[in-house]
Participant: 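Please find one structure pasted underneath; my questions will follow.
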Amino acid sequence: LGTLFSFDRVIDQLEATFPEDLPSQKQARIFYYAWLWAGIRDYFGTSHAGRYNSLLSILRATLTRARLVQDMEAPTNEEIDQIMAAFDDLLPMATALECFELLRENNWDIWILTNGSYSSTETLLKKHGLDTFVGDNILSCDDLKISKPHPKVYSEFMRSAVHKTKRIENFYLIAAHAWDLAGAKNVSVRTVYLTTEEKVYSADAYDGTYPDIQSDSLIKCVKAMIELENTKRRFL
């Protein structure tokens, strides 16, 4: 979510549902990310506290707070349902299909490591014809009952991939969040930062370390990833 699939449908729904408070796409986008990023904090909190809740359930629970702290009226249950339904209608990033085709041409295995549920991720992939590239290579934090960036999430992904393919190879993670990549780098996954959401990688927050690749589009990330693997074959 946010890397392979865009949140624009949710942002559009926020603007349509709350036109007086969010009269423009820009204001709706600013509100959305304030809600999302605060919700991710609570998502991490429930996971670390031992009572894991899914990210979407956290976002549903915190939409009222997100509006109240910005001096907006609390949403009705119907309005909350309208906003949350938009998560079932996300569109893939513009170059998603091109990326998957390029990875397949270069004999890469594609996995989805997601904070979303297995079923909702599978449904979105099928809806947009991307499921044939992925198959059942989907690992959900909901199934592990622990959120990224806990190292268990990435190590379980690597274990699952090796068990399935019977091969030990380099692993790469493309993500739009620095905290996600920092967790992956801790278990020697090569990291690819998509700057569309956070804009800049705050390296000083992560001991001055940077991702292996950074770019402002998914297709550029994939091309750079393939080039790096072709020129730097050794394992990390």
Side-chain angles (χ1 to χ4, degrees), residues 1-6 91-116 121-122 124-126 128-141 148-236:
L1 299 179
T3 302
L4 182 61
F5 289 94
S6 166
L91 296 175
M93 295 294 187
T95 59
L97 178 59
E98 182 182 359
C99 289
F100 277 16
E101 289 175 339
L102 185 58
L103 288 168
R104 175 181 279 179
E105 288 172 9
N106 284 270
N107 299 313
W108 284 55
D109 295 318
I110 302 171
W111 284 73
I112 306 295
L113 184 59
T114 180
N115 284 326
T121 301
E122 183 181 47
L124 283 173
L125 290 169
K126 287 182 177 179
H128 299 287
L130 300 175
D131 58 304
T132 57
F133 296 92
V134 178
D136 62 354
N137 292 349
I138 302 170
L139 184 61
S140 167
C141 291
K148 296 188 286 182
H150 193 285
K152 179 181 177 180
V153 177
Y154 309 98
S155 61
E156 182 62 20
F157 150 62
M158 297 168 77
R159 187 201 66 80
S160 298
V162 170
H163 178 76
K164 185 172 185 177
T165 64
K166 311 301 182 187
R167 302 192 309 270
I168 298 176
E169 298 181 302
N170 288 321
F171 292 90
Y172 288 75
L173 178 69
I174 303 176
H177 296 121
W179 50 261
D180 196 356
L181 295 178
K185 187 174 279 289
N186 283 341
V187 294
S188 297
V189 173
R190 289 178 178 168
T191 52
V192 185
Y193 185 49
L194 180 62
T195 63
T196 50
E197 184 176 323
E198 295 178 341
K199 307 305 180 187
V200 62
Y201 191 92
S202 302
D204 288 345
Y206 301 101
D207 297 325
T209 59
Y210 285 87
D212 297 285
I213 295 166
Q214 298 187 56
S215 188
D216 60 359
S217 80
L218 195 58
I219 188 62
K220 289 179 184 177
C221 285
V222 167
K223 288 179 177 179
M225 189 171 70
I226 292 171
E227 181 180 1
L228 176 61
E229 180 64 9
N230 288 340
T231 57
K232 187 180 179 183
R233 295 290 301 180
R234 67 177 177 82
F235 295 107
L236 295 179

Participant: Can you confirm whether L181 sits close enough to Q214 that some side-chain heavy atom of one is under 4.5 Å from a side-chain heavy atom of the other?
Facilitator: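 No. Closest side-chain heavy atoms not under 4.5 Å.
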Participant: Looking at L124 and F5, what are the two nearest heavy atoms and their distance?
Facilitator: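 Taking L124 first and F5 second, the nearest heavy atoms are CB-CZ, 3.7 Å.
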Participant: I need the I174 CD1 to L4 CG distance, nearest 0.5 Å.
Facilitator: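 Output value for this atom pair is 9.0 Å.
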Participant: If you draw a 6.0 Å radius around CD in E101, do more than 12 non-hydrogen atoms from other residues or ligands fall strictly inside?
Facilitator: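 It does: E101 CD has more than 12 such atoms within range.
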Participant: How far apart are the closest heavy atoms of K223 and L102, and which atoms are they?
Facilitator: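 Minimum heavy-atom contact is CG-CD2, 3.7 Å.
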Participant: I want to check something: taking the side chain as every heavy atom from C-beta on, are Y193 and Y210 in contact at a cut-off of under 4.5 Å?
Facilitator: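 No. Closest side-chain heavy atoms not under 4.5 Å.
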Participant: Report the distance from atom SG of C141 to atom CG of L113, rounding to the nearest 0.5 Å.
Facilitator: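 Answer rounded to 0.5 Å: 6.0 Å.
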Participant: Tell me if a side-chain donor or acceptor on Y172 pairs with a main-chain N or O of I226 at a distance below 3.5 Å.
Facilitator: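 A pair under 3.5 Å: no.
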Participant: Can you tell me how far CD of E229 sits from CZ of R190, rounded to the nearest 0.5 angstrom?
Facilitator: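 R190 atom CZ to E229 atom CD measures 5.5 Å (nearest 0.5 Å).
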Participant: Does R104 form a side-chain contact (heavy atoms from CB on, under 4.5 Å) with T132? I'd like the steps, not just the answer.
Facilitator: CA-CA 11 Å; R104 175 181 279 179; T132 57; 4.1 Å; yes
Participant: Look at the side chain of T195 and the backbone N and O of S215, then say whether any donor-acceptor pair between them is shorter than 3.5 Å.
Facilitator: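 Yes: the side chain of T195 pairs with the backbone of S215.
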Participant: Do E169 and W108 touch side chain to side chain, with heavy atoms closer than 4.5 Å?
Facilitator: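 Sidechains of W108 and E169: no contact.
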Participant: Got a second to check how far L125's CG is from F100's CZ, nearest 0.5 Å?
Facilitator: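 Answer rounded to 0.5 Å: 6.5 Å.
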Participant: Count the heavy atoms belonging to other residues, nucleotides or ligands that lie under 6.0 Å from NZ of K126, then report whether that count exceeds 12.
Facilitator: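 For K126, atom NZ is not crowded (no more than 12 foreign heavy atoms under 6.0 Å).
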Participant: Rounded to the nearest 0.5 Å, how far does CG of N230 lie from CG of L228?
Facilitator: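 These two atoms lie 9.0 Å from each other.
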Participant: Can you see which heavy atom on Y206 is nearest to which on A182, and at what distance?
Facilitator: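 Answer, listing the atom of Y206 first, then A182: CD2-CB, 3.4 Å.
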Participant: Is the side chain of E198 donor-acceptor paired with the backbone N or O of A178 at a distance under 3.5 Å, no angle test?
Facilitator: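 Yes: the side chain of E198 pairs with the backbone of A178.
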Participant: Can you confirm if the aromatic rings of W111 and F171 lie within a centre distance of less than 6.0 Å?
Facilitator: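 They do not qualify: ring centres at least 6.0 Å apart.
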Participant: Between L97 and F133, is there a side-chain heavy-atom distance shorter than 4.5 Å?
Facilitator: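 In short, these two side chains touch, coming nearer than 4.5 Å.
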Participant: Between the main-chain N or O of M93 and the side-chain N or O of S6, is there a donor-acceptor pair closer than 3.5 Å?
Facilitator: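 Checked: no pair found.
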Participant: Does D131 form a side-chain contact (heavy atoms from CB on, under 4.5 Å) with E122? I'd like the steps, not just the answer.
Facilitator: CA-CA 7 Å; D131 58 304; E122 183 181 47; 5.9 Å; no
Participant: Does P151 reach the side chain of N186, with side-chain heavy atoms less than 4.5 Å apart?
Facilitator: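 Answer no - side chains too far apart.
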Participant: State, yes or no, whether a side-chain contact exists between S217 and T95 at a heavy-atom distance under 4.5 Å.
Facilitator: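 In short, these two side chains do not touch, never coming nearer than 4.5 Å.
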Participant: Any side-chain heavy atom of N115 sitting closer than 4.5 Å to one from D180?
Facilitator: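 No; the side chains remain at least 4.5 Å from each other.
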Participant: As an exercise, state the distance from OG1 of T121 to CD1 of I112, rounded to the nearest 0.5 Å.
Facilitator: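 T121 atom OG1 to I112 atom CD1 measures 7.5 Å (nearest 0.5 Å).
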Participant: For T3 and A175, indicate whether the former's side chain and the latter's backbone hold a donor-acceptor pair under 3.5 Å.
Facilitator: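 Such a contact is absent between T3 side chain and A175 backbone.
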Participant: Could you tell me whether D109 and R167 make a salt bridge, using a distance below 4.0 angstrom between a side-chain N and a carboxylate O?
Facilitator: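 Looking at R167 together with D109, the answer is yes, because their closest N to O distance falls below 4.0 Å.
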Participant: Please determine whether a side-chain nitrogen of the Lys or Arg among D207 and K185 lies less than 4.0 Å from a carboxylate oxygen of the Asp or Glu.
Facilitator: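 Salt bridge absent between D207 and K185.
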Participant: So, H150 side chain and K152 main chain: donor-acceptor pair closer than 3.5 Å or not?
Facilitator: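 Looks like yes, one N/O pair under 3.5 Å.
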Participant: Please answer whether the main-chain N or O of V192 pairs with a side-chain N or O of D212 as donor and acceptor at a distance below 3.5 Å.
Facilitator: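 Between the backbone of V192 and the side chain of D212 there is no qualifying donor-acceptor contact (under 3.5 Å).
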Participant: Is the shortest side-chain heavy-atom distance between L194 and L218 below 4.5 Å?
Facilitator: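 L194 reaches L218 side chain to side chain.
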Participant: How far apart are the closest heavy atoms of T191 and P211, and which atoms are they?
Facilitator: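 Heavy-atom minimum between the residues: OG1-CA, 3.2 Å.
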